[in-house]
Amino acid sequence: MTSDLKCRVYIGDTLDGKFVERICAGCDTLLHIAGIHSSRVVVKAAARAGVKRMVLVHTTGIYSKYKYAGEEYRMTDSICYKICRENGIGLTILRPTMIYGTMNDGNVSTFIKMVDRFPAMPTVNGAHYVLQPVWCKDLGVGYFQCLMETATIGHDYNLSGCEPIELRKMFDVIAEQLGIKRRYISCPYPIAYAGAWMVYLLTRKSVDYREKVQRLVEPRAYGHEDAAKDFGYRPANFADGVKEEIQEYKKWKKGRAKAGGLWRKRKL
């Protein structure tokens with residue numbers, strides 16, 4: 001399938017090595033943004049296809065002391081480097097922080113809904129811990145800039161937002177752009193973690209929030225100085241980056257309310 005961008009589109013499974021090898025045949029450079037979980041398959045298949053340069057988009061979750069999959073992430077990085085060294089492939093790994101920018105991001109979109117819904121926001125330890133979320137549009141620019149600079153080969157880069165920001169401040173920014181005010185209810189971490197254990201045991205280990213609670217109080221701010229120096233990466237601050245997502249949320253909420261009104265009218 002072709003598009004107006006003069007590119008060819010293939011639809012398939014990145015965990016299918018034969019599919020990846022087929023679409024990589026004749027390609028010199030690969031940018032893999034489909035997630036770290038398929039990187040091993042993709043790198044092996046692309047190497048067989050003769051790709052000479054790869055840029056893999058992985059995650060800063062590799063740095064977490066709580067992230068259950070952290071060890072797997074580190075192992076994946078190591079295997080990808082080994083395959084590339086053995087095949088003479090230039091490898092660059094990019095590690096975005098928490099990504100936001102659309103109502104499907106699963107991160108800030110959840111915060112927006114919570115801030116809008118709860119006049120008193122529940123937090124753990126007052127939400128006084130720092131994050132460095134990155135706007136999805138800044139990532140797109142960053143990927144392109146990295147590809148255009150061959151000096152990035154053989155290096156790893158964190159791609160984060162403009163500056164660290166406390167989660168509490170993120171809530172304040174969201175509330176301000178929604179035109180509302182919010183209070184905060186703080187639960188001490190030991191109590192929150194004990195509650196997560198209780199849920200885990202009462203549900204016979206089917207519902208597990210333990211790691212999520214642990215990571216709630218873990219600082220997740222990672223600098224992007226190397227990316228700024230090597231390929232000019234300049235991300236937006238959170239207040240500017242979140243504006244479009246707030247507008248998207250307002251339209252979504254308005255459309256949902258309108259649909260609900262039509263349903264009630266039909267029911268009557």
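Hydrogens, waters and symmetry mates play no part in the numbers below; they use all other heavy atoms, side chains included.
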Of the non-hydrogen atoms in R53 and I153, which two are nearest, and what is the gap between them?
-> NE-CG1, 3.6 Å

Between the CD1 atom in I23 and the NZ atom in K18, the distance rounded to the nearest 0.5 Å is 15.5 Å

Would a distance-only check, ignoring hydrogens and angles, find a side-chain to backbone donor-acceptor pair under 3.5 Å from N87 to I83?
-> yes

Is K250 atom NZ crowded by more than 12 heavy atoms from other residues, nucleotides or ligands, each under 6.0 Å away?
-> yes

C24 versus V51, closest heavy-atom pair with distance = CB-CG2, 4.0 Å

Report yes or no: do V242 and V141 belong to one cluster of Ile/Leu/Val/Met/Phe/Trp/Tyr joined by side chain heavy-atom distances under 4.5 Å?
-> no

For N107 and I99, work out which heavy atoms get closest and say how close.
-> ND2-O, 2.9 Å

same_hphob_cluster(L167, Y249) at 4.5 Å side-chain heavy-atom cutoff = yes

Does R210 make a cation-pi contact with Y200 (under 6.0 Å, within 45 degrees of the axis)?
-> yes

Which pair of non-hydrogen atoms, one from I180 and one from V115, has the smallest distance, and what is that distance?
-> CD1-O, 3.7 Å

Is K243 close enough and on-axis enough to W135, meaning under 6.0 Å and within 45°, for cation-pi?
-> no

Would you check if the distance from the ring center of Y222 to the ring center of Y63 is below 6.0 Å?
-> yes

In this structure, are over 12 heavy atoms from other groups packed under 6.0 Å from I33 atom CD1?
-> no

Any idea which heavy atoms bring R95 and T59 closest together, and the distance?
-> CD-O, 3.4 Å

Residues at least two apart in sequence or cross-chain that pass salt bridge (charged side-chain N to carboxylate O under 4.0 Å, His left out) with K137, listed by chain then number, are E244

What orientation do F19 and Y10 show, parallel under 30°, tilted 30 to 60°, or perpendicular over 60°?
-> perpendicular

Distance col, row E245:CD vs S109:OG, nearest 0.5 angstrom, shows 5.5 Å

Quick one: OH on Y157 to SG on C146, what's the gap to the nearest 0.5 Å?
-> 6.5 Å

Distance (rounded to the nearest 0.5 Å) between E211 CD and Q214 CD | 7.0 Å

Nearest heavy-atom approach of S160 to Q132 is OG-NE2, 3.4 Å

Rounded to the nearest 0.5 Å, the CG atom of D77 sits from the CD1 atom of I36 at a distance of 5.0 Å

Below 4.5 Å, heavy atoms only, C-beta onward: do P96 and V57 meet side chain to side chain?
-> yes

Test salt bridge (charged side-chain N to carboxylate O under 4.0 Å, His left out) applied to D230 - qualifying residues, sequence neighbours left out | none

Sidechain-backbone polar pair: D138 side chain, A236 backbone, donor-acceptor under 3.5 Å = yes

When you look at CE of M114, are more than 12 heavy atoms from neighbouring residues, nucleotides or ligands closer to it than 6.0 Å?
-> yes

Verify the cluster assignment for I112 and V173: are they in a single hydrophobic cluster under the rule of side-chain heavy atoms below 4.5 Å apart?
-> yes

What is the distance from atom OH of Y233 to atom CD of E225, rounded to the nearest 0.5 Å?
-> 11.5 Å

For atom OH of Y209, decide whether the heavy atoms of other residues, nucleotides or ligands shown that lie under 6.0 angstrom number more than 12.
-> no

Find out if a path of hydrophobic residues (ILVMFWY) with successive side-chain heavy-atom gaps under 4.5 Å connects L31 to V41.
-> no

